[in-house]
Amino acid sequence: MEMLSHSEEQVMAALWACGKPATRREIAARLPSSCSWADSTLLNFLLRLENKGFVRPEKQGNKNIYTPLVRRVTYCGAASAAHLQRLYGGDLRAMLGALADTGRVSFTDMERLARYLDSRAVESPEYDYD
């Protein structure tokens, strides 16, 4: 899967946050306040996302309605895996260690993660102690 630029990711996050196919204005309303782009800039990003196969525009009256073609969980999983591989050589412990060592993950977060991982392990078909 092709990775997006930071700005393209912001546009996709805004579209996903709409929860349904959305107009340019609805997408713009969901962008962070730091994205004070002109309408033409947002339309340019939407065109780039269309060319990359992430959105499909459909004409409704005088407006385009944009439908995401890639689910958030699908893209975020792929982007996270690429980031993990690129920066940490695929070593998840190294990434979590870096987050913990720099105070970006609290002890409470780590406890919550440990409980989550335990529950996922039990659900896994690989989990078999018989």
Side-chain angles (χ1 to χ4, degrees):
M1 168 175 291
E2 184 172 359
M3 294 298 104
L4 303 175
S5 71
H6 178 67
S7 296
E8 291 166 339
E9 285 180 348
Q10 289 178 304
V11 173
M12 284 304 300
L15 176 55
W16 288 320
C18 290
K20 62 178 181 54
T23 65
R24 177 199 43 82
R25 287 178 196 246
E26 291 169 326
I27 296 166
R30 299 284 186 147
L31 287 170
S33 59
S34 60
C35 296
S36 54
W37 300 326
D39 291 344
S40 59
T41 302
L42 178 53
L43 289 170
N44 185 42
F45 285 129
L46 288 164
L47 179 61
R48 286 167 50 179
L49 289 165
E50 178 187 356
N51 291 337
K52 291 180 179 185
F54 278 78
V55 302
R56 180 185 67 239
E58 293 180 50
K59 201 73 163 161
Q60 277 191 1
N62 62 350
K63 307 176 207 180
N64 276 335
I65 305 294
Y66 296 91
T67 301
L69 299 178
V70 176
R71 293 179 2 176
R72 182 182 192 114
V73 69
T74 302
Y75 178 76
C76 290
S80 296
H83 183 79
L84 177 64
Q85 187 61 43
R86 186 174 57 255
L87 294 181
Y88 299 96
D91 187 347
L92 184 56
R93 287 183 299 173
M95 184 181 85
L96 291 172
L99 292 170
D101 292 347
T102 58
R104 287 174 171 81
V105 174
S106 69
F107 184 74
T108 302
D109 292 332
M110 288 188 282
E111 285 182 322
R112 198 174 11 243
L113 177 60
R115 285 192 303 274
Y116 171 76
L117 292 173
D118 285 343
S119 71
R120 290 295 298 243
V122 170
E123 296 169 4
S124 172
E126 297 172 15
Y127 182 82
D128 186 10
Y129 290 115
D130 295 336

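Below, each value reflects all heavy atoms present in this structure, side chains not excepted, and no hydrogens, waters or symmetry copies.
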Does Arg56 form a salt bridge (charged side-chain N to carboxylate O under 4.0 Å, His left out) with Glu58? I'd like the steps, not just the answer. CA-CA 7 Å; Arg56 180 185 67 239; Glu58 293 180 50; 3.0 Å; yes

For residues Val105 and Met110, report the shortest heavy-atom separation together with the two atoms involved. CG1-CG, 3.6 Å

Quick check: is Leu117 connected to Leu92 through a chain of hydrophobic side chains (ILVMFWY, heavy atoms under 4.5 Å apart)? yes

For the student: nearest non-hydrogen atoms of Glu26 and Pro21, plus distance: OE1-O, 4.2 Å

Under 3.5 Å, which donor-acceptor pairs do the side chains of residues 61-76 form with other protein atoms, sequence neighbours left out?
residue: Tyr75; atom: OH; partner: Leu4; partner atom: N; Å: 3.0
residue: Tyr75; atom: OH; partner: Glu9; partner atom: OE2; Å: 2.6

Can you find a heavy atom in the side chain of Leu42 that is under 4.5 Å from one in the side chain of Leu31? yes

If you apply the rule side chain to side chain donor-acceptor pair (under 3.5 Å), what do you find for Thr23 with Arg25, and how did you get there? CA-CA 5 Å; Thr23 65; Arg25 287 178 196 246; over 6 Å; no

Taking Ser80 for its side chain and Gly77 for its backbone only, find out whether a donor-acceptor pair lies under 3.5 Å. no

Any side-chain heavy-atom pair of Asp109 and Ser106 under 4.5 Å: yes

Rounded to the nearest 0.5 angstrom, the CE-CG distance for Met12 and Leu46 is 9.0 Å

Criterion side-chain contact (heavy atoms from CB on, under 4.5 Å) on Leu96 and Leu113, from CA distance to verdict: CA-CA 10 Å; Leu96 291 172; Leu113 177 60; 3.9 Å; yes

Side chains of Leu15 and Arg30: closer than 4.5 Å at any heavy-atom pair? no

Quick check: do Val11 and Trp16 have side-chain heavy atoms less than 4.5 Å from each other? no

Where do Phe54 and Met1 come nearest, in terms of heavy atoms and distance? CZ-CG, 4.2 Å

Are Thr41 and Phe45 close enough that some pair of their side-chain heavy atoms sits under 4.5 Å apart? yes

Using modelled atom types only, decide if a donor and an acceptor are shared between the side chain of Glu8 and the backbone of Ser5 within a distance under 3.5 Å. yes

Go through Trp37 and Gln10 one step at a time and tell me if the side-chain contact (heavy atoms from CB on, under 4.5 Å) criterion holds. CA-CA 12 Å; Trp37 300 326; Gln10 289 178 304; 3.9 Å; yes

Is the shortest side-chain heavy-atom distance between Arg24 and Asp39 below 4.5 Å? yes

What is the minimum heavy-atom distance between Met3 and Ala79, and which atoms define it? SD-CA, 3.4 Å

Hey, is the main chain of Arg48 close enough, under 3.5 Å, to the side chain of Asn51 for a donor-acceptor pair? no

